[in-house]
Amino acid sequence: MPELPEVETVRRSLQPAIQGRVLTQISILEPRLRFPVRAEQFEPYFGRRLKKIRRHGKYLVMLFQDSESAIVIHLGMTGRILIAQPRETKWVHFKFLFETTEVAYIDPRRFGFIIPGKLEALKKNILPGGMDALSPKMNGEYLFVNLAHRKTSIKDALMNQAVLAGLGNIYASEILSDAHIHPASQCFNLDLDAYKSIVQSMTKILKIAIRNKGTSMSDFYYGYGQQGKYQNLFRVYDRQGLPCPDCNTLIEKMIQSNRSTYYCPLCQKIP
DNA sequence: CGCACCCCCTGCCGGC
DNA sequence: TGCCGGCAGGGGGTGC
């Protein structure tokens, strides 16, 4: 579920609801996540006012006023953050209370996590090292310098969070389709123009996806329980056998690193 | 460093 | 109808 557009959608739904409010309580209902949650870790945060929620790649960072401490949240595959009264309660792991506003974290597969700590330590140890895909500093030169020496496929490389933070399996396919680059192209065979074109498509696709509140294939919800609409705009993802939006050739599916990749065999040629 | 593989966990879907 | 295998948006670890 949650790649950059979904995480940004969650951030935008959450921030206006709790910004400037004081964290008054945390209840742990199901501590088992990727890293177990312990209630006492959060005691230092009680009485702190939420300054801002930032996003880096697929990670959310809660910042508090007058504090060097922060809270990092990652949604894994099936994590959801809902405000007020979530209609489902089966997989609620923890709840924040910001004054009168309740925020619940739900995660059936438990691949997500929440980690409190000093911001500098979290940056060093938890947050991914790659540049955020929508950073103002992102450009074709950055990707070229960081990828063009590699032998690996461009699709796998775009999902490497240590280089580029934010893309996952859906948007990597979507972006390469828009850029007319074959997902199995080896990084070292792509020239600077190709990387520039990837960045152009990446910016375009991610912004459209954010405008559409991300992708809700089966279980992505945000805010008060709304769903995203980008799945209706998929160019290739989950569309094997359906026509390419640019040339009507039938979309194909292949497996790369054990994960599905979708592409147009006519538009996307290996250089 | 790259890469092929495995793991974590639950839910859902299609085939038999 | 029920069982079973395969697959799903995530990251991380290992051994070569």
Side-chain angles (χ1 to χ4, degrees), chain A residues 1-10 29-37 55-60 72-81 88-93 105-115 122 125-130 133 145-177 183-189 205-206 209-210 212-222 227-241 253-262:
Chain A
M1 170 215 351
E3 303 179 35
L4 188 151
E6 291 75 35
V7 177
E8 178 62 16
T9 297
V10 169
L29 291 86
E30 167 51 274
R32 291 178 302 167
L33 284 171
R34 170 177 286 278
F35 309 110
V37 189
R55 179 191 58 72
H56 182 75
K58 306 171 192 173
Y59 292 67
L60 289 172
V72 166
I73 301 177
H74 192 284
L75 302 177
M77 289 274 262
T78 51
R80 302 192 271 285
I81 299 178
E88 56 185 319
T89 52
K90 191 174 174 190
W91 297 111
V92 176
H93 288 265
Y105 180 84
I106 297 140
D107 191 353
R109 284 177 78 178
R110 312 209 301 256
F111 290 163
F113 53 83
I114 174 166
I115 301 181
L122 292 168
N125 303 318
I126 306 293
L127 296 180
V145 165
N146 285 282
L147 295 183
H149 61 286
R150 299 181 193 236
K151 193 184 162 192
T152 189
S153 73
I154 185 63
K155 191 250 191 174
D156 282 350
L158 292 180
M159 294 196 294
N160 181 349
Q161 307 297 306
V163 175
L164 177 61
L167 300 192
N169 207 40
I170 291 181
Y171 294 101
S173 278
E174 290 292 291
I175 288 160
L176 290 172
S177 151
S185 309
Q186 291 179 293
C187 291
F188 65 68
N189 280 331
I205 296 284
L206 292 178
I210 290 171
N212 283 275
K213 314 292 183 191
T215 296
S216 289
M217 294 211 56
S218 56
D219 55 8
F220 172 62
Y221 297 86
Y222 68 94
Q227 290 193 284
K229 293 187 172 62
Y230 187 75
Q231 67 277 11
N232 301 322
L233 300 179
F234 280 163
R235 297 172 50 85
V236 292
Y237 189 83
D238 202 29
R239 284 177 48 85
Q240 71 273 29
K253 172 179 173 174
M254 65 187 285
I255 302 295
Q256 287 179 289
S257 301
N258 258 343
R259 311 192 69 184
S260 299
T261 302
Y262 302 84

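Throughout, a chain's letter reflects where its sequence line sits, starting with A, and its residues are numbered from 1. What's counted below: heavy atoms across the whole structure, side chains too, no hydrogens, waters or symmetry copies.
Atom-to-atom, CZ of Phe113(A) to C1' of dC9(B) comes out at 15 Å; the value is rounded to the nearest Å. The CG-P distance, from Asp107(A) to dC8(B), rounds to 16 Å in whole Å. Taking atom NZ of Lys253(A) as the reference point, atom P of dG6(C) lies 13 Å away to the nearest angstrom. If you take CD1 of Ile81(A) and C1' of dG10(C), they are 14 Å apart, rounded to a whole angstrom. In this entry the distance linking CE of Met77(A) with P of dC7(B) reads 16 Å, nearest Å. In this entry the distance linking CD1 of Ile106(A) with P of dG11(B) reads 14 Å, nearest Å. In this structure, CG of Asn125(A) is placed 16 Å from C1' of dG11(C), rounded to the nearest angstrom. Separating the NE2 atom of His93(A) from the C1' atom of dC8(B) is a distance of 13 Å, rounded to the nearest angstrom.
Side-chain N/O atoms of Arg110(A) include one lying less than 4.0 angstrom from OP1 or OP2 on dT10(B). For dT10(B), the OP1/OP2 oxygens have no side-chain nitrogen or oxygen of Lys90(A) closer than 4.0 Å. Between Ser257(A) and dC5(B) there is no side-chain polar atom (N or O) within less than 4.0 angstrom of OP1 or OP2.
Of all non-hydrogen atoms in Tyr59(A) and Ile126(A), the two that sit nearest each other are CE2-O, 3.8 Å. Shortest non-hydrogen contact noted between Gln231(A) and Gly214(A) is OE1-O, 4.1 Å.
A side-chain donor-acceptor contact under 3.5 Å links Thr215(A) and Tyr171(A).
In this structure, Gln186(A) and Asn258(A) both approach DNA chain B, and ranking their closest nucleotides by distance from the 5' end singles out Gln186(A).
Rounded to the nearest Å, the gap between the P atom of dC9(B) and that of dG2(C) is 27 Å.
With dT10(B), dG11(C), dG10(C) as the choices, the nucleotide that has an atom nearest any side-chain atom of Trp91(A) turns out to be dT10(B). Closest to the side chain of Glu3(A), out of dG12(C), dG10(C), dT10(B), is dG10(C).
The aromatic rings of Phe220(A) and Tyr222(A) lie parallel to each other, their planes meeting at an angle below 30°, with 60° marking the opposite boundary.
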Next item on the list: Would you check, one step at a time, whether the test side chain to side chain contact (heavy atoms under 4.5 Å, CB included) holds for Thr9(A) with Asn212(A)?
Entry: CA-CA 9 Å; Thr9(A) 297; Asn212(A) 283 275; over 6 Å; no
Next item on the list: Check the pair His74(A), Phe35(A) against side chain to side chain contact (heavy atoms under 4.5 Å, CB included), reporting the backbone distance first and the verdict last.
Entry: CA-CA 11 Å; His74(A) 192 284; Phe35(A) 309 110; over 6 Å; no
Next item on the list: Would you sort out whether Asn160(A) and Arg150(A) count as a side chain to side chain contact (heavy atoms under 4.5 Å, CB included), showing the intermediate values?
Entry: CA-CA 12 Å; Asn160(A) 181 349; Arg150(A) 299 181 193 236; 3.7 Å; yes
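Distance check: Leu158(A) CG to Cys187(A) SG gives 7.5 Å after rounding to the nearest 0.5 Å.
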Item checked: Pair assignment for DNA chain C - dot-bracket with | for other-strand partners, Watson-Crick or G-U under 3.5 Å -> .|||||||.|||||||
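Asn169(A) pairs in a side chain to side chain donor-acceptor pair (under 3.5 Å) with only one of the listed residues (Glu3(A), Gln256(A), Lys155(A)), which is Lys155(A).
Taking a 4.0 Å limit (strictly below) on heavy-atom distances, residues 151-168 of chain A reaches DNA chain C at Gln161(A), Gly168(A).
Side chain Arg259(A) to base dA8(C): no donor-acceptor pair is found below 3.5 Å.
Across all strands, Arg150(A) comes closer than 4.0 Å only to sugar-phosphate atoms, never to a base (heavy-atom distances). Residue contacts shown for Tyr237(A) are limited to sugar-phosphate atoms, with no base heavy atom under 4.0 Å away.
In this view, Tyr230(A) and Glu174(A) satisfy the side-chain hydrogen bond (donor to acceptor under 3.5 Å, both in side chains) rule, not counting sequence neighbours.
Per the stacking criterion (ring centres < 5.5 Å, plane angle < 30°), Phe111(A) stacks onto the base of dC8(B).
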